[in-house]
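Just so we're clear, the structure is a prediction, and the values are computed from it rather than from any experiment.
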Amino acid sequence: MEKMPRWSKITLRIFVGLIAFVALIFIGLGLYVNANKKTLLATITEKLNKNLHGSLTIGSMEPTFFKGFPGVSIGLRNVVIKDSLWKEHQHTLLEAEDFEVSVNTMALLRGTIEIKKIGINNAKIDLFTDSSGYSNTAVFKKKEKKEPKSDQGNTDAQLKQFSLNNVDFIVDNRKGHKLFHFVVDDLEGKMDYSFSGWEAQLKLKTLAKSMAFNTRRGSFIKDKMLEGPFKINYDEDTGVLLVAPNQLNIGKDPFMIGAKFDTSKENTDFTIDIKAPSILWKDAANLLAPNITEKLLMFDLKTPIDASCTLNGNMGPGGDPEINVTALVKDNVLKTPGALIDSCNFKGVFTNNYEKGKGFTDANSAIKLYQFKGAYTEMPFSIDTMLILNLEKPIATGVFKSKFSVAKLNKAIGTETLKFGKGTATVKLAYKADIVDFKLHKPLVTGVIDVVNADVSYVPRKLNFTNTAVSLNFTTDDLFIKNIRLQSGKSIVMMDGRIRNFLNLYYNDPEKILLNWQIRSPQLHLGEFLGFLGSRKPARTAKKNNKNTSFSEDVNDLFEKSKVDMHLRVAKVYYNKFVGTDVMADLFLSEAGIGMKNISVKHGGGSMKVDGNIAQKGNMNRFLVNTTLNNVDIKNFFYSFDNFGMTTLTSKNLKGYLFSKSKIGGLITDQGRVVTNSLAGDISFDLKQGALLKFEPVKSVGKFAFPFRDLDNITFSNLNGKFDVRGPLITIAPMQINSSILNMDVSGVYSMSKGTNIAVDVPLRNPKKDADITDKKEIQERRMKGIVLHLLATDGEDGKIKIKLNKNRNKVK
């Protein structure tokens, strides 16, 4: 083996000697400290207490040789710092089981203490301020400002490093209602100094027990673990402390956090900027104060959002800091208390300083949503700007726009009341509404809803409409319903309407709503609207948790409780076999039934006028109708109304022009059929230019009594009479019939079922023999001369009326 060169051996010996020398000095210093620890402890305690308004006590001191190498590290045990008023407030500024201090070796040899590193372990730091503003940090005396020294003469000690391990750190400001409480698991810091201040590099891991800027509101980021690095710069000239933006993990979510603290201000102004490029809504909400969290957790977003927050305030007395939050939501799903919004996009802004100078309160807080777009049950909509003001009593405003297929409404509101088919709806509504339980409450709206080419069914009354169009124009006070086109079967209806004070009545007194309709129609088939006569089919009872039932029930309630004043103008109306023209009518619809006034219609070459009402109760509807007929073709009239239930006397047997007044009441079914047994009323009539054609009961008698007279065509110059209707029985008041071939006196009862009993007195003389007599009195005296047949019309076994001799004529009344 080659020998080591001589110069190498010398160098190695010198190096080993230097190490041994340093070690000897370090051991000597350690022995010195250990031998003089009581004196040094007294010196340290005395020096530190000179700068305190209170007391510092140290339980014991031990040198820790290698921790501070090449300096001397001193371990202080059971360090306690109390201010002079500790007995009054009982808040100890510092209690540390283990307080390590690393001192400058050369300074120590000169008899002075220069601290280079401090480590605090297993401790509690309690910075307390009472309600008067006094703080236990007053234990530290303020240093007087000194003239700056030259670099060569500056011998002030500078703290280079510090650490905290298992330290309970509390800032409790009772005057400012602030509470900051951190359990520091680990904090490592390094300090660098310059002419203008210092710079610190920190690495932190701590549990935030409380970050309450206002203890009356609660804490931000409560019970969350904070972990990450910080870079802090402090400028002694301006008193500004800057925290450079860096990533800090709060719980499981990463944040970029930067801050500015202006210590030159009396209460230290601060600004904290927080950014979360990807965080779930619930996680973000849970980081805020409870008063805000409670409101935000009523909503949820399915996927993460981009959020940022700025806090501006001070550490002095006062309320909340100014809070400004911005969130960007893209292609998300928004869950609200009353709906689920798909394809949701918007920019959201929250501020608690909506109007400058009014304080950072819930009452001065606002939520602003810009370019809100989404889809509710597949119905797309947008809101350019939505504002929610005053979070104590929230008020929402905005402009709602949408265009969608009306069939989508079935999923949104249910099909118990309205069921939609094809068609398109366009909506533009400006609204203002209170928010109660996070739902819009009684919104006031202005704007227009247009529906075209729609098919819709009103389920409770089984009414179906096709090719429907409607324009709803909401004004501040009234609702105008314009350009409505309804088609039900063959019926076509055009309508315009108005409801005064609509929204106020809709929310508070729907039974007071009066809808005034102007209705026009080229043709109307009444049979297609019999649903208004029928018993209402109640909407199916919805399941308790069905979120769609509320609106459906509200609409159903509105339709049934509101009143409708209808003014109709119809070119042609149809009902079964009835055809009328130039119809005019005033109808009043309410929950109780239908009122009819000023109804006029042309029919059978004449006219009809009708007044009355229909009371709706169950499957039967009670009606009372006053009818006036003027010059109506009786043949057409009987045909149109199915001969009024009569089978023996029909439209085929009648001819002439009818003038009549009647007042009839009774029941009508939900199918529009008159219940014969329920009828009650009276009828008076006058038939001019009348004729009885091929009336079988007369022919069956006449072929024997009047074999040579034309019984197929019995004409009347004038025929009048009165009927009293009671159920199926029609009482015929004594009536004289003067015809072309015979005269008759008729009285008795005609039954539409069984019970017909009509007395007919027929003189055999031919009325044509009196044709030349002009004296009416003489004609009257001669009409019953000669042989008179006393006949009785009664029910036959086959159900038809039979004519026979009246053997008990005197008993017929």
Margin query: Could you tell me if N165 and N121 have a donor-acceptor pair between their side chains, going purely by distance under 3.5 Å?
Written below: yes

Note to self: Testing the basics here: between C309 and V325, what is the closest heavy-atom pair and its distance to 0.1 Å?
What the structure shows: SG-CG2, 3.8 Å

Next item on the list: Report the distance from atom CG of N352 to atom CG of D362, rounding to the nearest 0.5 Å.
Entry: 8.5 Å

Next item on the list: Measure the shortest side-chain to side-chain distance between R77 and D98 over non-hydrogen atoms and say whether it is less than 4.5 angstrom.
Entry: yes

Check: Among L207, V184, V183, which one satisfies side-chain contact (heavy atoms from CB on, under 4.5 Å) with D168?
Finding: V183

Check: Shortest non-hydrogen contact from I388 to P394?
Finding: CG2-CB, 4.0 Å

Check: Of all residues at least two apart in sequence or in a different chain, which pass the ring pair (Phe, Tyr, Trp, His ring centres under 6.0 Å) check with F372?
Finding: F346, F381

Item checked: Selection residues 230-246 - residue pairs positive for side-chain hydrogen bond (donor to acceptor under 3.5 Å, both in side chains), sequence neighbours left out -> none

Notebook entry, point to check: When rounded to the nearest 0.5 angstrom, what is the spacing between CD1 in I305 and SG in C344?
Noted result: 10.5 Å

Checklist line | Ion pair check, K393 and D434, cut-off under 4.0 Å | finding: no

Margin query: Could you report the tightest heavy-atom contact between M386 and A396, atom names first, then the distance?
Written below: CE-CB, 4.2 Å

Note to self: Check whether N364 reaches the backbone of G359 with its side chain - one donor and one acceptor, N or O, closer than 3.5 Å.
What the structure shows: yes

Margin query: Any carboxylate oxygen within less than 4.0 angstrom of a Lys/Arg side-chain nitrogen, looking at E188 and K203?
Written below: no

Notebook entry, point to check: With sequence neighbours excluded, what pairs up with T326 under the side-chain hydrogen bond (donor to acceptor under 3.5 Å, both in side chains) test?
Noted result: none

Checklist line | Distance in Å, L85 CG paired with H53 NE2, rounded so as to fall on 0.5 Å steps | finding: 11.0 Å

Next item on the list: Tell me, please, which residues at least two apart from T263 pass side-chain hydrogen bond (donor to acceptor under 3.5 Å, both in side chains).
Entry: none

Notebook entry, point to check: Heavy-atom distance under 4.5 Å between the side chains of T92 and L94, does that happen here?
Noted result: no

Check: Is any side-chain heavy atom of L226 closer than 4.5 Å to a side-chain heavy atom of I221?
Finding: yes

Check: Will you find, in the side chains of Y134 and D83, an N or O donor that is under 3.5 Å from an N or O acceptor?
Finding: yes

Notebook entry, point to check: Is the backbone N or O of K87 less than 3.5 Å from a side-chain atom of Q90, with the two atoms forming a donor-acceptor pair by type?
Noted result: yes

Check: What residue among T351, D273, N324 forms side-chain hydrogen bond (donor to acceptor under 3.5 Å, both in side chains) with T310?
Finding: D273

Check: Any Lys/Arg nitrogen of K356 or E322 sitting under 4.0 Å from an Asp/Glu carboxylate oxygen of the other?
Finding: yes

Note to self: Taking P380's backbone N and O only, do any of them form a donor-acceptor pair with S402's side chain (distance below 3.5 Å, no angle check)?
What the structure shows: yes

Next item on the list: Could you pull out the closest heavy-atom pair between M225 and T206, with the gap in Å?
Entry: SD-O, 3.1 Å

Checklist line | Counterpart residues, ring pair (Phe, Tyr, Trp, His ring centres under 6.0 Å), relative to F270 (two or more places apart) | finding: F213

Next item on the list: Would you give the length of the straight line joining atom CD of E97 to atom CG of N166, rounded to the nearest 0.5 angstrom?
Entry: 8.0 Å

Notebook entry, point to check: Any donor-acceptor pair under 3.5 Å linking the side chain of S210 with the backbone of L179?
Noted result: yes

Next item on the list: Could you walk me through whether I118 and F99 pass side-chain contact (heavy atoms from CB on, under 4.5 Å), step by step?
Entry: CA-CA 7 Å; I118 291 177; F99 197 111; 3.6 Å; yes

Next item on the list: Taking the side chain as every heavy atom from C-beta outward, state whether Y431 and V399 have any atom pair closer than 4.5 Å.
Entry: no

Item checked: Nearest heavy-atom neighbours spanning L127 and F169 -> CD1-CZ, 3.9 Å

Notebook entry, point to check: N345 side chain to D331 main-chain N or O, any donor-acceptor pair under 3.5 Å?
Noted result: yes

Checklist line | salt_bridge(K209, D223) N-O dist < 4.0 Å | finding: yes

Next item on the list: Could you tell me whether the side chain of I272 reaches within less than 4.5 Å of the side chain of I257, counting heavy atoms only?
Entry: yes

Checklist line | D172 with R174: basic N within carboxylate O range, under 4.0 Å | finding: yes

Next item on the list: Using distance alone, with no hydrogens and no angle criterion, decide if D130 and H89 have a side-chain donor and acceptor under 3.5 Å apart.
Entry: no

Item checked: Under 3.5 Å: donor-acceptor pair, side chain of N332, backbone of T303 -> yes

Next item on the list: Calculate, to the nearest 0.5 Å, the distance between atoms CG and CG belonging to L76 and L56 respectively.
Entry: 8.5 Å

Next item on the list: Go through T268 and D262 one step at a time and tell me if the side-chain contact (heavy atoms from CB on, under 4.5 Å) criterion holds.
Entry: CA-CA 5 Å; T268 304; D262 189 350; 5.9 Å; no

Next item on the list: Measure the spacing between CG of L311 and CD1 of I323 and express it to the nearest 0.5 Å.
Entry: 6.0 Å

Checklist line | Shortest non-hydrogen separation from V139 to K82 and the atoms involved | finding: CG2-O, 3.4 Å

Margin query: Please determine whether side-chain contact (heavy atoms from CB on, under 4.5 Å) holds for the pair F162 and L187, giving the CA-CA distance in whole Å, both sets of side-chain angles, and the decisive distance to 0.1 Å.
Written below: CA-CA 8 Å; F162 56 90; L187 172 64; 4.3 Å; yes

Notebook entry, point to check: Is any side-chain heavy atom of F180 less than 4.5 Å from a side-chain heavy atom of I170?
Noted result: no

Next item on the list: Decide yes or no for V349 and Y370: does some side-chain heavy atom of the first lie under 4.5 Å from some side-chain heavy atom of the second?
Entry: yes

Next item on the list: Mind jotting down which residue pairs meet the side-chain hydrogen bond (donor to acceptor under 3.5 Å, both in side chains) criterion with at least one end in residues 247-259? Sequence neighbours excluded, please.
Entry: Q247-N249, K252-D283

Notebook entry, point to check: Does D342 reach the main-chain N or O of Y376 with its side chain, forming a donor-acceptor pair under 3.5 Å?
Noted result: no

Note to self: I'd like to know whether H91 forms a side chain to side chain donor-acceptor pair (under 3.5 Å) with D126, so could you lay out the CA-CA distance, the side-chain angles of the two residues, the decisive distance to 0.1 Å, and finally the verdict.
What the structure shows: CA-CA 7 Å; H91 285 264; D126 187 357; 2.7 Å; yes

Note to self: One pair to check against side-chain contact (heavy atoms from CB on, under 4.5 Å): K432 and I395. What are the steps and the verdict?
What the structure shows: CA-CA 7 Å; K432 180 178 181 181; I395 298 174; 3.9 Å; yes

Margin query: Which residue is it: K428, K368, K401? I am looking for the one with a salt bridge (charged side-chain N to carboxylate O under 4.0 Å, His left out) to D384.
Written below: K401

Next item on the list: Please examine the side chains of S135 and F128, heavy atoms only from C-beta on, and report whether any two atoms are closer than 4.5 Å.
Entry: no

